[in-house]
Q: 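A single structure is presented below for examination.
Indexing begins at 1, ligand by ligand and atom by atom, following the structure's order.
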Amino acid sequence: MRPRRVEFPRTAEAVQRAVTAAAAGGLQIKAVGAGHSFTGIAVAPGVLLDLSDLTGMVAIDVERRRVTLRAGTRLHQVPAILAPYGLAMENLGDIDRQSISGAISTGTHGTGARFGGIAAQVVGATLVTASGELLTVSETENAELLPAVALGLGALGILVEVTVQCVPAFVLHAVEQSESLDAVLARLDERVDGADHFEFYWFPHTDRAMTKTNTRLPESAPRHPLSPVGRWVDDTLVGSGLHQIACSVAKTIPPTIPPINRLSVKMWGNREFTDLSSRVFATTRSVRFREMEYALPAENVIPAFDELRALIDRRRWRISFPVEVRFAAADDRWLSTAHGRASGYIAVHRYWREDPTEYFAAVEEIMLEHDGRPHWGKMHTLDAAALRERYPRFDDFTALRDRLDPERLFQNPYLARVLDG
Ligand SMILES: Cc1cc2nc3c(=O)[nH]c(=O)nc-3n(C[C@H](O)[C@H](O)[C@H](O)COP(=O)(O)OP(=O)(O)OC[C@H]3O[C@@H](n4cnc5c(N)ncnc54)[C@H](O)[C@@H]3O)c2cc1C
């Protein structure tokens, strides 16, 4: 779906003018961040607001460790903004290409049982509502709206500023290794609770898990970063180049997938390094794929994962992309996948040239049986009726949306399905 018009506002006032003009012209309007969602959540049928020119820092409160960012700021720009003040974001996802607004609006998260997703770090925001007015939300102003606005699916208005609670800059000691999958599962609770940030990848058709265990250390801790050559070999040559070739071969000759996966596990190998947090959290992903991810109550991760393994065996599918398992603390954002419960995430991927429908549908069935909630920016088939049952504050969110956007100025087909349908 192509937008009727694209605008590049540089200021909050320009966003206000764009919203008012769209409403007057009978067009819907949506902001797009980096366009990294796998769903149609960012599709803009009317006016598309590209916020590439609305970036950078608005203000910083060093004492309270809070930064206010313009809404289009990309996550990879944030470390340089915060570094002079000795601050960092508390936790991040796998990549840093997203905009701050896009990331929080879909509930983007990383891993770590004691840490929430990025929206949980938000302590304030300013948005332009459908009337064209600015609405400021913080712990002292319209505070009751913060848990909705901080993770609003782009349905409540156009964010123009986001205030993030930061932490003192820190480094991460990263240990990445290949381990027996069964051994990892046998001690999963211990591994998750005993680490600051634990996750694992499982390559289907192998009995190995690639684990990542990151430990937070003070900024003054000695650093042993990956050498630029080592990083290039791991991330660009093996992680992207060879993986791209492997996926293309696997697509053409599916029986090669199990041996390729076994080889991938060997090539990814073990490594250990210590570096600034943002350099450890963010990786590069240049092989294109489609993804579905479900959040489950943490205690349901193992039973759901076991069923997923059995499913792949039973159906004799050949799956070239790994399954990723992560964890997060409970939070209070109304539409957070981790709302009110400690959560584990199971993500399945397929190379973009392979049809994901059958695999994702069967996995989705398992996730739903285990009380799963789908990631808002990743593929799923649920509609409003199914989602309402899974979110205790769903009706509060839609009531707020009715109030802020009664004419559905910020609507698109995806939002119609998940919020109205
Ligand atoms: C390679 C890759 C890796 C990923 N890794 C992770 C991961 O580790 N963890 C995870 O949870 N997710 C991950 N994702 C998903 C991704 O983080 C989300 O889809 C995120 O929303 C993308 O951010 P974006 O800036 O591209 O937003 P977009 O996709 O452009 O937009 C997402 C939503 O935000 C809204 N929005 C954007 N800007 C504004 C604004 N100013 N005001 C109001 N609404 C706005 C849009 O309208 C839309 O509804 C990954 C995706 C990819 C492609």
Q: Pick, from A42, G154, A31, the option with the minimum heavy-atom distance to atom 47 (O) of ligand 1.
A: A31

Q: Applying a strict 4.0 Å limit to heavy atoms, is F38 in contact with ligand 1?
A: yes

Q: Using a heavy-atom cut-off of under 4.0 Å, does the side chain or the backbone of H375 touch ligand 1, or both, or neither?
A: side chain

Q: Please output the side-chain donor-acceptor pairs of residues 36-46 that fall under 3.5 Å, not counting sequence neighbours, one pair per line with the distance.
A:
{"from": "H36", "atom 1": "ND1", "to": "A34", "atom 2": "O", "distance (Å)": "3.2"}
{"from": "T39", "atom 1": "OG1", "to": "I41", "atom 2": "N", "distance (Å)": "3.3"}
{"from": "T39", "atom 1": "OG1", "to": "W376", "atom 2": "O", "distance (Å)": "3.2"}

Q: Counting only heavy atoms closer than 4.0 Å, does ligand 1 sit against the backbone of L51, its side chain, both, or neither?
A: side chain

Q: Compute the minimum heavy-atom distance from F289 to ligand 1 and say whether it is under 4.0 Å.
A: yes

Q: Which residues pass the side chain to side chain contact (heavy atoms under 4.5 Å, CB included) test with A338, sequence neighbours left out?
A: D331, S336, S343, Y345

Q: With a 4.0 Å cut-off on heavy atoms, is R97 touching ligand 1?
A: no

Q: Taking the non-hydrogen atoms of K378, is any one of them nearer than 4.0 angstrom to ligand 1?
A: yes

Q: What part of A71, side chain from CB on, backbone N/CA/C/O, both or neither, has a heavy atom under 4.0 Å from ligand 1?
A: side chain

Q: Would you mind telling me if ligand 1 is within reach of the side chain of K30, the backbone, both or neither, using heavy atoms under 4.0 Å?
A: side chain

Q: Considering S37, S101, G110, which one's heavy-atom position lies nearest to atom 19 (O) of ligand 1?
A: S37

Q: Using atom types as modelled and distance alone, determine if a side-chain donor or acceptor of T106 lies under 3.5 Å from a backbone N or O of G102.
A: yes

Q: Salt bridge between D332 and R393, side-chain N to carboxylate O under 4.0 Å?
A: no

Q: Can you figure out which of G72, G157, G152 has its heavy atom closest to atom 43 (C) of ligand 1?
A: G157

Q: Is it true that D355 and R350 have a side-chain N and a carboxylate O under 4.0 angstrom from each other?
A: no

Q: Any heavy atom of G117 closer to ligand 1 than 4.0 angstrom?
A: no

Q: Does a side-chain N-to-carboxylate-O contact under 4.0 Å join E179 and R191?
A: yes

Q: Cation-pi check, R373 to Y391: give yes when NZ or CZ is under 6.0 Å from the six-membered ring centre and within 45° of the ring axis, no otherwise.
A: yes

